[in-house]
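By convention in this document, chain letters (A, B, ...) are assigned in the order of the sequence lines, proteins followed by strands, and residues within each chain are numbered from 1.
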There are 2 protein chains.
Amino acid sequence: MQQQADKIIQTLKAKGLRVTPQRFAVYEDLLARSDHPTAEQITNHLNQDGPTSSQATVYSSLQALREVGLIREVLLEEGVCRYDANIDPHHHFQCQSCGAIEDIAWDQLQDLDFKALRPGLQVTHYEITVHGGYCNRCRPE
Amino acid sequence: MQQQADKIIQTLKAKGLRVTPQRFAVYEDLLARSDHPTAEQITNHLNQDGPTSSQATVYSSLQALREVGLIREVLLEEGVCRYDANIDPHHHFQCQSCGAIEDIAWDQLQDLDFKALRPGLQVTHYEITVHGGYCNRCRPE
DNA sequence: GAAAGTTTTTGGAAATTTTCCAAGGATGCT
DNA sequence: AGCATCCTTGGAAAATTTCCAAAAACTTTC
């Protein structure tokens with residue numbers, strides 16, 4: 001695990017961010033989970049064994065990490081901004097029963113052809129959101 | 001335009017909603033524009049020539065219209081919930097310069113094949129969000 | 001390794017957006 | 001028209017995010 005910590009430190013430094021315990025913790029937490037937590041969920045998780053990061057710091061850290069491209073937002077529900085440390089291109093699936101979000105690997109869906117779009121519209125990035133079905137936990141038997 | 005108004009009234013009634021001036025106005029406004037406005041933008045637009053709908057009513061109307069499936073949310077920016085009266089399946093394009101959102105007709109992108117997804121995951125709906133390029137207003141030169 | 005110069009953290013206040021509430025008003029049915 | 005129900009309203013409340021100035025921490029420099 002020490003190697004993992006070193007790698008996080010090197011990553012943060014490489015992006016020009018100072019390595020503080022709070023920022024480290026936010027990024028480490030996001031890297032370790034795949035449930036696309038909200039800022040509040042991250043704050044609670046970090047502080048569950050004694051206070052380590054204030055609310056304002058978590059927001060600030062998330063913003064800093066997002067600005068340098070280490071994490072990104074996932075917006076699938078009204079009024080809920082979730083975060084994801086998986087910055088490789090990928091798609092999302094949301095369970096229609098419990099709302100859980102899981103990743104869909106990029107190569108599980110074929111590449112799209114944008115030739116039919118109106119001229120002059122050059123695509124830099126796209127993403128597919130899939131609704132329906134049930135996640136592992138909600139699967140009916 | 002009278003026919004358009006009658007049609008809106010019939011549509012609302014058919015969904016079991018009472019036709020009030022405020023609810024009519026919210027739906028009419030959304031039908032008439034394609035810029036995916038926020039609740040605040042709708043409120044301001046409706047009240048620009050004298051007060052017609054309170055803030056709470058606009059939110060309430062939007063919620064009622066969404067519950068019966070006449071409008072839907074569009075979530076592309078953090079903390080911003082936009083609304084769209086186009087409920088036919090379609091995709092969205094967001095201009096990377098000004099953030100404007102425009103629709104992409106469903107048949108301009110090929111249908112996706114979900115065979116590669118894990119078993120048991122039946123897809124009920126999906127949607128593609130395209131970032132990049134420039135909208136008509138931001139087109140360079 | 002201490003001082004200097006930044007950047008970051010913090011708690012609390014403030015801003016923003018959305019929801020709640022109870023009262024009065026409007027709508028659709030008979 | 002009368003009635004039951006649903007809707008609107010202003011204001012308060014809730015929920016989420018940002019701002020602020022002071023204190024603390026990180027990095028660099030000497």
Side-chain angles (χ1 to χ4, degrees), chain A residues 5-6 8-29 36-47 50-68 70-83 99, chain B residues 5-6 8-30 36-47 50-68 70-83:
Chain A
D6 284 344
I8 292 175
I9 292 172
Q10 293 314 314
T11 303
L12 291 174
K13 281 188 177 171
K15 291 291 186 178
L17 295 178
R18 281 195 184 168
V19 181
T20 65
Q22 293 80 5
R23 188 171 285 164
F24 177 93
V26 168
Y27 188 42
E28 182 185 44
D29 192 49
H36 308 78
T38 64
E40 187 191 8
Q41 290 172 327
I42 295 168
T43 305
N44 291 341
H45 192 210
L46 295 182
N47 293 328
T52 63
S53 305
S54 74
Q55 189 184 46
T57 301
V58 172
Y59 277 101
S60 159
S61 298
L62 288 170
Q63 191 173 318
L65 290 166
R66 184 162 61 85
E67 280 171 0
V68 301
L70 288 179
I71 66 172
R72 60 175 205 171
E73 307 166 344
V74 176
L75 305 172
L76 294 180
E77 302 153 90
E78 179 177 355
V80 180
C81 181
R82 300 177 173 282
Y83 292 90
Chain B
D6 284 345
I8 292 176
I9 291 170
Q10 293 315 314
T11 303
L12 292 174
K13 281 188 178 172
K15 291 291 184 177
L17 295 178
R18 280 194 185 166
V19 181
T20 66
Q22 293 81 1
R23 188 171 284 164
F24 178 94
V26 168
Y27 187 43
E28 182 185 44
D29 192 47
L30 257 183
H36 308 77
T38 64
E40 188 192 7
Q41 288 171 329
I42 295 169
T43 306
N44 290 340
H45 192 210
L46 294 182
N47 293 328
T52 63
S53 306
S54 76
Q55 190 184 46
T57 302
V58 172
Y59 278 99
S60 159
S61 298
L62 288 171
Q63 191 172 318
L65 290 166
R66 183 161 61 84
E67 279 170 1
V68 300
L70 288 178
I71 67 173
R72 60 177 205 170
E73 308 165 344
V74 176
L75 305 172
L76 295 179
E77 301 153 90
E78 179 177 356
V80 180
C81 181
R82 299 178 172 282
Y83 292 90

| said: How many whole angstroms separate atom CG of B/L65 from atom P of D/dC7? | reply: 11 Å
| request: Check every strand shown and say whether B/T43 touches a base, only sugar-phosphate, or nothing at a heavy-atom separation below 4.0 Å. | output: nothing
| message | Applying side-chain hydrogen bond (donor to acceptor under 3.5 Å, both in side chains) as the test, list every pair that has at least one member in residues 53-62 of chain B; sequence neighbours left out. | response | B/S54-B/T57
| In whole Å, what is the span from the NZ atom of A/K13 to the P atom of D/dT28? | 7 Å
| request: Could you tell me whether B/T38 contacts a base, only the sugar-phosphate backbone, or nothing, with contacts defined as non-hydrogen atoms closer than 4.0 Å? | output: nothing
| Which atom pair, heavy atoms only, marks the closest approach of A/L12 to A/F24? | CD1-CA, 4.2 Å
| said: Return whichever of B/T20 or A/T57 has its heavy-atom-nearest nucleotide of DNA chain C closer to the 5' end. | reply: A/T57
| field | B/V19, nearest nucleotide to its side chain (from C/dG28, D/dT27, C/dT9) | value | C/dG28
| Nucleotide nearest B/Q63 (side chain, heavy atoms from C-beta), chosen from C/dT19, D/dT8, D/dC26 | C/dT19
| Does B/R66 use its side chain to pair, donor to acceptor, with the backbone of B/E73 at less than 3.5 Å? | no
| query | What integer distance in Å separates B/L62:CG from D/dC7:P? | reply | 14 Å
| task | Compute the bend angle of the helix from C/dG1-D/dC30 to C/dT30-D/dA1 from the end axes (five pairs per end), rounded to 10°. | result | 40°
| task | Quick one: closest heavy-atom pair of B/R23 and B/L17, and the distance? | result | NH1-CB, 3.6 Å
| task | Apply side-chain contact (heavy atoms from CB on, under 4.5 Å) to B/L30 and B/L70, showing your working. | result | CA-CA 10 Å; B/L30 257 183; B/L70 288 178; over 6 Å; no
| To the side chain of A/A39, which of D/dT17, C/dT8, C/dA26 is closest? | D/dT17
| said: Using OP1 and OP2 only, check whether a side-chain N or O of A/Q22 sits under 4.0 Å from C/dT10. | reply: yes
| remark: Rounded to whole Å, CD1 of B/I42 lies from P of D/dT8 at a distance of 14 Å
Pairs under 3.5 Å (N/O, protein and nucleotides 10-16 of chain D):
none

| Under the 3.5 angstrom rule, does the side chain of A/Q41 hit a backbone N or O of A/T38 as a donor-acceptor pair? | yes
| A/I71 side chain near A/V26 side chain, heavy-atom distance below 4.5 Å | no
| query | How many Å lie between CG on B/L12 and P on C/dT27, as a whole number? | reply | 13 Å
| query | Does the side chain of B/K13 come within less than 4.5 Å of B/I9's, by heavy atoms? | reply | yes
| field | Donor-acceptor pair (no angle test) under 3.5 Å: A/R18 side chain, D/dT27 base | value | no
| field | Closest contact, heavy atoms only, A/L46 versus A/A25 | value | CD2-O, 3.7 Å
| message | Taking the nucleotide of DNA chain D with the nearest heavy atom to each, does B/E78 or B/S61 sit closer to the 5' end? | response | B/S61
| message | In whole Å, I'd like the distance from the NZ atom of A/K15 to the C1' atom of C/dT8. | response | 20 Å
| request: Calculate the interatomic distance between A/F24 atom CZ and D/dC26 atom C1'; express it in whole Å. | output: 15 Å
| message | Please report the distance, rounded to the nearest Å, between CG in A/N47 and C1' in C/dT9. | response | 13 Å
| message | Any heavy-atom pair between the side chains of B/L65 and B/Y83 that's under 4.5 Å? | response | no
